[in-house]
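Here's the structure we're looking at; comments come further down.
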2 protein chains.
Amino acid sequence: MTVDLVILTVRQDRLRVLLIERGNQPYLGRPALPGGFVRHGETLDETALRELSEETGLDGRKLHLEQLHVYSDPDRDPRGRVVTVAYLALGPDMPLPVAGTDATAARWEPISSALTDGMSLAFDHAAILRDGLERARSQLEHTTVAAAFCPEPFTVGDLRHIYEAVWGFKLDPSNFRRKVTRTAGFLEPTGERRFPETGRPANLYRRGPASLLIPPLLRSGEVSS
Amino acid sequence: MTVDLVILTVRQDRLRVLLIERGNQPYLGRPALPGGFVRHGETLDETALRELSEETGLDGRKLHLEQLHVYSDPDRDPRGRVVTVAYLALGPDMPLPVAGTDATAARWEPISSALTDGMSLAFDHAAILRDGLERARSQLEHTTVAAAFCPEPFTVGDLRHIYEAVWGFKLDPSNFRRKVTRTAGFLEPTGERRFPETGRPANLYRRGPASLLIPPLLRSGEVSS
DNA sequence: TTTGTTTAGGTCCACTTGACCATAAGTTGT
DNA sequence: ACAACTTATGGTCAAGTGGACCTAAACAAA
């Protein structure tokens, strides 16, 4: 029994997933999601946090972490029967992780290229990644987890860039601002401002206590380009 | 590794869960969710369908079935390390199931009494049931699964009774009708009518092809009594 | 000072929804 | 035959939301 991690972040305005290069058989040298076997006496959450730290050097306590799905096809692993529990982790842009014991390299791969046919991830990791991506996109509609992608403090524009990167299309800045600022408990003003190289300074916010977005912010209203 | 099932139905206008009485140690004689061990070479979906048929005599192909969550606390089973994958099954009112091999009795227990402190389900099944109930309530907001509770053909009133039983409060009949009939693909008219003992006859419908409810039907607008 | 860029905030209209009302179409009781 | 009852169906109205679009504010760079 294993845990596999779909770790997503937004870096340079692109949604990226953390992939490692496998250092063991099977699928030696192929890109894969980080993960590993559940140890004796561990809960799955503990396994996920441990793998996060071991294989990537990330501190899972700063990330949003949730169970995604269980994959149990008897033929999914050539070594034999291995059931894997996939976790979805969302976090702000983080320092480039170091290669761990089982992995020879780790990198933040843009989602678009990670899911192209040429990439051919190990095991059924392409399917797991697709499910994780869809879950993340859906979560942005109904919850405030998008803020988990932003290092604090952040601006409304930062938050909008998260939505645009995850959903893959532009949002109207004005309507987006109206929506998130009127949702009680989503954003907490710090009173400070950020002065970018170009454009008007933006108010800074911290994550508020709200976790649900009611009414939801639906993907339906997409804008061209 | 086991699969446990939260099987919900609406019977006599009450939301009910299928509970068995345990025929083995541990927790002998205590009420529990149906479930059992995953067999060699089985996917979890296959295990869920098999247990459904073995322990309850129900045909899982007629039910809505989805993965709920994995419970992995090392101490959740006194026999040792048993990780369980919980499934949520929703279906129309069905014939009273027969007792299976591991269960001495099976019954449709109203949710309200199944979750009272006095009941004390085996293992962590009370927590699993609570999670399943919350998932079902949430699914009714965003999807058309409520129709899975209705034997076809059904009326708008039947469907409303499902929502009322699952959510635990009354809905405005007129507004509910407007919502579900205007959602393309939710209901397909059969052209027939049903003549109840009392009241005006109601149009009959079948389940339509739509699975998502956009925009959602939120729980916020509850009506007294 | 002008230009460019991004933030902040406003308007307008279409649509949705909750509250409420009115009527329709059956059955049952007298 | 008629009233009473019950549930289904459909309509109105006001408040709120969201998409499209516009204007001004506030900074840096030219």
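Values below: all heavy atoms of this structure, side chains included; hydrogens, waters and symmetry mates excluded. In the text below, chain A, chain B and the rest are named by the order of the sequence lines, each starting its count at 1.
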In whole Å, I'd like the distance from the [atom1] atom of [X] to the [atom2] atom of [N].
{"X": "A:E192", "N": "C:dT7", "atom1": "CD", "atom2": "C1'", "result": "17 Å"}
{"X": "A:F195", "N": "C:dT5", "atom1": "CZ", "atom2": "C1'", "result": "15 Å"}
{"X": "A:F176", "N": "D:dA20", "atom1": "CZ", "atom2": "C1'", "result": "17 Å"}
{"X": "A:H161", "N": "C:dT5", "atom1": "NE2", "atom2": "C1'", "result": "12 Å"}
{"X": "B:R219", "N": "C:dG18", "atom1": "CZ", "atom2": "P", "result": "14 Å"}
{"X": "A:R177", "N": "D:dC22", "atom1": "CZ", "atom2": "C1'", "result": "15 Å"}
{"X": "A:I214", "N": "D:dG18", "atom1": "CD1", "atom2": "P", "result": "12 Å"}
{"X": "B:L217", "N": "D:dT17", "atom1": "CG", "atom2": "P", "result": "17 Å"}

Would you call [X] and [Y] a salt bridge, using N to O less than 4.0 angstrom?
{"X": "B:E152", "Y": "B:R207", "result": "yes"}
{"X": "A:R194", "Y": "A:D158", "result": "yes"}
{"X": "A:E164", "Y": "A:R219", "result": "no"}

- Task: Hey, which sits more toward the 5' end of DNA chain C by its nearest nucleotide, A:P196 or B:P215?
- Result: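 Mapping each residue to its closest nucleotide by heavy atoms, the 5'-most match is A:P196.
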
- Do B:S113 and B:E109 pass the side-chain hydrogen bond (donor to acceptor under 3.5 Å, both in side chains) test, and can you show the C-alpha distance, the side-chain angles, and the key distance before you say yes or no? CA-CA 7 Å; B:S113 66; B:E109 186 75 20; 2.7 Å; yes

[atom1]/[X] to [atom2]/[Y] distance, rounded to the nearest 0.5 angstrom?
{"X": "A:R107", "Y": "A:L18", "atom1": "CZ", "atom2": "CG", "value": "9.5 Å"}
{"X": "B:E54", "Y": "B:T47", "atom1": "CD", "atom2": "OG1", "value": "10.0 Å"}
{"X": "B:I128", "Y": "B:L33", "atom1": "CD1", "atom2": "CG", "value": "6.0 Å"}

- Ring centroid separation for B:Y71 and B:H69, is it under 6.0 angstrom?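 Yes; B:H69 has its ring centre under 6.0 Å from that of B:Y71.
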
- Near-ring test B:Y205/B:F154, centroid separation under 6.0 angstrom: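 Ring centres of B:Y205 and B:F154 not closer than 6.0 Å.
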
- Query: Which pair of non-hydrogen atoms, one from B:R14 and one from B:S112, has the smallest distance, and what is that distance?
  - Reply: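 Shortest heavy-atom separation between B:R14 and B:S112 comes out as NH2-OG, 3.3 Å.
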
For [N], does either OP1 or OP2 sit under 4.0 Å from a side-chain N or O belonging to [X]?
{"X": "B:R193", "N": "D:dA8", "value": "no"}
{"X": "B:K179", "N": "C:dT16", "value": "no"}
{"X": "B:R160", "N": "D:dA8", "value": "yes"}

- Within residues 199-207 of chain B: residues closer than 4.0 Å to DNA chain C (heavy atoms):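 Nucleic-acid contacts, sorted: B:G199, B:R200, B:P201.
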
- Enumerate the residues from residues 148-159 of chain B whose closest heavy atom to DNA chain C is under 4.0 Å, giving them by residue number; use none for an empty result.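 The stretch gives none, as no residue of it lies under 4.0 Å from the strand.
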
- Do the rings of B:H125 and B:F123 sit parallel, tilted or perpendicular, given the 30° and 60° boundaries?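 It falls in the tilted class, 30° to 60°.
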
- Quick one: does B:L159's side chain get under 4.5 Å of B:L187's, heavy atoms only?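 The answer is yes, as the side chains (C-beta and beyond) meet within the 4.5 Å cut-off.
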
- Message: What's A:P173 touching, base or sugar-phosphate or nothing? Going by heavy atoms closer than 4.0 Å.
- Response: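 Nothing: the residue A:P173, judged by heavy atoms under 4.0 Å, touches no strand.
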
- Query: Across the strands shown, which category fits A:R182 at heavy-atom distances under 4.0 angstrom: base, sugar-phosphate, nothing?
  - Reply: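 The residue A:R182 makes no contact with any strand.
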
Give every pair of a protein N or O atom and an N or O atom of nucleotides 11-14 of chain D that lie under 3.5 Å apart, one pair per line with the distance.
from   : atom 1 : to     : atom 2 : distance (Å)
D:dG11 : O6     : B:S174 : OG     : 2.7

